[in-house]
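Throughout, protein chains are lettered first and strands after them, A, B, ... in sequence-line order, and every chain is numbered starting at 1. Just so it is clear, the structure is predicted and the values come from calculations on it, not from any experiment.
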Amino acid sequence: MKIVVPVKRVVDANVKVRLRSDGSGVDTDNVKMAMNPFDEIAMEEAARLKEAGLASEIVAVSIGPDTCQEVLRAALAMGADRALLIQAEAELEPLTIAKLLRAIVAREQPQLVICGKQSTDGDANQTGQMLAGLLGWPQATFASKLEIAAGSATVTREIDGGLEVVAVTLPAVVTTDLRLNSPRYTTLPNIMKAKKKPLDKVTVGELGVEIRPRLATLRLAEPPVRSAGVMVADVAELLAKLKNEAKVI
Amino acid sequence: MTALIIAEHDNVSLKSATANAIAAARRLGTEIHVLVAGCACSAAAEQAARQHGVDKVLMADARHYQGGVAENLAALIVSHARAYSHLLAAATTFGKNVLPRVAALLDVGQVSDIMDVLAPDTFVRPMFAGNVLATVRSDDPIKVITVRATAFEAVGQGGAAPIETIAPGPDLGLSRLLARELTHSARPELTEAKIVVSGGRGLQSGENFKLLETLADRLGAAIGASRAAVDSGFVPNDYQVGQTGKIVAPQLYIAVGISGAIQHLAGMKGSKVVVAINKDPEAPIFQVADYGLAADLFQAVPELISALGQ
């Protein structure tokens, strides 16, 4: 079974982003970048399936400028066998990303695509579901447990109010939630090995996908800042404030 | 122009977030239809028909809509979508699962998690854990939208819209719901509670969350948690408040042993009053708290409990 894992390069989730002074976008100069945390979980799950003998090959795919090779090398160090960079300069919308991934699926013929449930920059939570829709494949989103058996996958999903278990036929798209696994730390030998693994490049044009934005961004703004209040000395003062000042209890 | 709201329900009753999605749709100035697809779901359809502002309810009743699985539901929505200018659902795990699939099948984009409606084609949505608010215009013929429930006050009841039964679509057989384990709690639901008590890594163990349960019960509050507490295995993911969990906006949010990581703040900074209890006076949570108490939670919380018990 071949697995495709899309990985995105994003601003490190621990960095509080700022807008450029002209409001034209997020200031990414000198900002730490990293693999989207949910994609790391996806990559880890694929690596574990391969180690368990359930997967034969893992192909990591990233879409963006040449700097995305960083996250592809990180994916190779985590256990991907090959990497593919779809070269694109513009910031692409999830629908376009899903169409590019569909073209990769047509080439690679995987049985499973494991995506992060959302990227921590765009926060859209769309790509995996869109890809599944375009392919006519089942989707098991927000997975916290994944079991593969002949021709199907049993997936435990995180839903509001608890968990549900679904069985999907393969091929399928699975998107990862937090508790699926804890991604490994890559070791130096694996980072060295990753440098020798194949990393191919392909252009959007070669994949025959038209880039047509559907959303126009009219304005970006930072939300109003919540100002710090007061420190209280003890529980009695806290309760007095909540009762008499805030009147919330 | 007509908007179609995809109802979230358990066949018997409508989930409250659907009433928030209807409220967002009313801001569009369009006619409003609600789709209730389920199995023996007439009670849920009747409840949808009573929501203020709803002009018509479409009900599709078939076994293969029982669990609300995305594949069958998306196919049904797509077969009716051409009659609509907007398709909306609440940005719950249900809406987030189904609507992007619908958008892709219609070859249109999706606007996720809208917080405001500026025009029928222009919306405000959060990015980067809510640290950037983007005003976006959708140029697609059908706008597919998920709605942040806490940003729109739920519509009330009192309407009496007609219910039209529509023919179910096919069972695609791609996915089967095997089991659903829902947490049963006497406490209010996290996203609807007036008071939320949340715990973080400072609680040190799942066992210690019992302290928060006692506090929550005294206040009639729901219990939440930071991602750190979920990652540490103290509580289920369903408790998680933040960028990758639930968005809450209660009257009172009490953060206990939570440092205040960016991704947590994204889920609670819309709360009216924020209280933080943390022994580290430098913790970032104090920067967004209306009332901060720098104290050991294992002393402060029992004190709070006993004071509230009087």
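Your options are A:Asn14, A:Leu218, A:Val15, A:Thr169, and the one with the most heavy-atom pairs under 4.5 Å with chain B is A:Leu218. Considering only heavy-atom pairs separated by less than 4.5 Å from chain B, the leading option among A:Asp160, A:Leu95, A:Leu215, A:Thr96 is A:Asp160. Ranked by heavy-atom pairs under 4.5 Å with chain B, the first of A:Glu222, A:Glu93, A:Gln118 is A:Gln118. Of the residues considered (B:Ala17, B:Gly109, B:Gly220), B:Gly109 shows the highest number of contacts with chain A, using heavy-atom pairs under 4.5 Å. Chain B forms the most heavy-atom pairs under 4.5 Å with one residue out of A:Val235, A:Val10, A:Asn125, and that residue is A:Val235. Between chain A and the options B:Leu105, B:Thr183, B:Asn237, B:Leu252, the largest number of non-hydrogen pairs under 4.5 Å is found for B:Asn237. Counting heavy-atom pairs closer than 4.5 Å to chain B, the top residue among A:Gly133, A:Ala167, A:Ala153 is A:Ala167. When the candidates B:Met127, B:Arg176, B:Glu189 are compared by the number of heavy-atom contacts under 4.5 Å with chain A, B:Arg176 comes out ahead. Of the listed residues (B:Val132, B:Thr191, B:Val124), the one with the most heavy-atom contacts under 4.5 Å to chain A is B:Val132. Heavy-atom pairs under 4.5 Å with chain A peak, among B:Leu265, B:Asp113, B:Val273, at B:Val273. Ranked by heavy-atom pairs under 4.5 Å with chain A, the list B:Thr146, B:Val108, B:Val111 is led by B:Val108. Looking only at heavy-atom pairs under 4.5 Å with chain B, the residue among A:Thr156, A:Asp121, A:Leu220 that has the most is A:Asp121.
Salt-bridge check for B:Lys246 with B:Asp238: passed, with a basic side-chain N closer than 4.0 Å to an acidic carboxylate O. Salt-bridge formation is detected for the pair B:Asp139/B:Arg137: a Lys NZ or Arg NE/NH1/NH2 atom is positioned less than 4.0 Å from an Asp or Glu carboxylate oxygen. For A:Lys8 and A:Asp39, the salt-bridge test fails: no basic side-chain N is under 4.0 Å from an acidic carboxylate O. In this structure, A:Arg214 pairs ionically with B:Asp140, as a charged nitrogen and a carboxylate oxygen lie closer than 4.0 Å. Note on B:Glu8 versus B:Lys15: no salt bridge recorded, every NZ/NE/NH1/NH2 to OD/OE distance being 4.0 Å or above.
Neither the backbone nor the side chain of B:Gln263 comes within contact range of chain A, judged by heavy atoms closer than 4.5 Å. Proximity to chain B is limited to the backbone of A:Ser227, based on heavy atoms less than 4.5 angstrom apart. For A:Ala236, no part sits under 4.5 Å from any heavy atom of chain B, backbone or side chain. Only the side chain of B:Gln240 comes within less than 4.5 Å of a heavy atom in chain A; its backbone stays farther off. At a 4.5 Å heavy-atom cutoff, B:Lys194 makes no contact with chain A through either its backbone or its side chain. At a 4.5 Å heavy-atom cutoff, the contact between B:Ile262 and chain A is made by side-chain atoms alone. Both the backbone and the side chain of A:Pro223 come within contact range of chain B, judged by heavy atoms closer than 4.5 Å. Looking at A:Asp177, only its side chain comes within 4.5 Å of chain B, counting heavy atoms on both sides. When heavy atoms are compared at a cutoff of 4.5 Å, B:Ala134 approaches chain A by way of both its backbone and its side chain. Using a 4.5 Å cut-off between heavy atoms, B:Leu172 does not touch chain A at all. Within the 4.5 angstrom heavy-atom criterion, only side-chain atoms of A:Leu239, from C-beta onward, approach chain B. In this structure, chain B has a heavy atom under 4.5 Å from the side chain of A:Arg179, while its backbone stays farther away. Using a 4.5 Å cut-off between heavy atoms, A:Val155 does not touch chain B at all. For A:Leu238, the part lying near chain B is the side chain, with the backbone staying farther off; criterion is any non-hydrogen pair under 4.5 Å. Using a 4.5 Å cut-off between heavy atoms, B:Leu182 contacts chain A through both its backbone and its side chain. Interface remark: B:Thr122 contributes side-chain atoms only to the contact with chain A (heavy atom separation under 4.5 Å). When heavy atoms are compared at a cutoff of 4.5 Å, B:Pro126 approaches chain A solely by way of its backbone atoms N, CA, C and O. At a 4.5 Å heavy-atom cutoff, B:Ala295 makes no contact with chain A through either its backbone or its side chain. Residue contact with chain B, scored on non-hydrogen atoms closer than 4.5 Å, involves the backbone and the side chain of A:Ala246 alike. Heavy atoms closer than 4.5 Å to chain B are found nowhere in A:Ser152, neither backbone nor side chain. Heavy-atom distances place both the backbone and the side chain of B:Ala300 under 4.5 Å from chain A. For a residue to count as touching a neighbouring chain, one of its non-hydrogen atoms must lie under 4.5 Å from one of that chain's; by this rule B:Asp121 does not touch chain A.
Residues A:Gln126 and B:Ser112 bring a donor and an acceptor atom of their side chains to less than 3.5 Å of each other. Inspection of the B:Gln243 and A:Asp123 side chains reveals an N or O donor paired with an N or O acceptor under 3.5 Å. In this model, a donor atom of one side chain and an acceptor atom of the other lie less than 3.5 Å apart for A:Thr141 and A:Arg157. Side-chain atoms of B:Glu192 and B:Ser16 include a donor-acceptor pair closer than 3.5 Å. Side-chain atoms of B:Tyr291 and A:Glu245 include a donor-acceptor pair closer than 3.5 Å. A:Asn181 and A:Glu45 are linked by a side-chain donor-acceptor pair at a separation below 3.5 angstrom, with hydrogens and angles left out of the test.
Side chain of B:Asn97 to backbone of B:Thr93: no donor-acceptor contact under 3.5 angstrom is found. Remark: the backbone N or O of B:Val274 is paired with a side-chain donor or acceptor of B:Asp290 at under 3.5 angstrom. Side-chain atoms of B:Asp10 come within 3.5 Å of backbone atoms of B:Ser13 as a donor-acceptor pair (strictly under, hydrogens ignored). Checked by atom type and distance alone, the side chain of A:Lys247 pairs as donor or acceptor with a backbone atom of A:Asn244 at under 3.5 Å. No side-chain donor-acceptor contact under 3.5 Å links A:Glu108 to the backbone of A:Ile104.
Between B:His64 and B:Val69 the shortest heavy-atom distance is O-CG2, 4.2 Å. Listed here is the closest heavy atom pair of B:Val98 and B:Ile77: CG1-CD1, 3.8 Å. Residues B:Arg101 and B:Ala70 come closest through the heavy atom pair CD-O, 4.0 Å.
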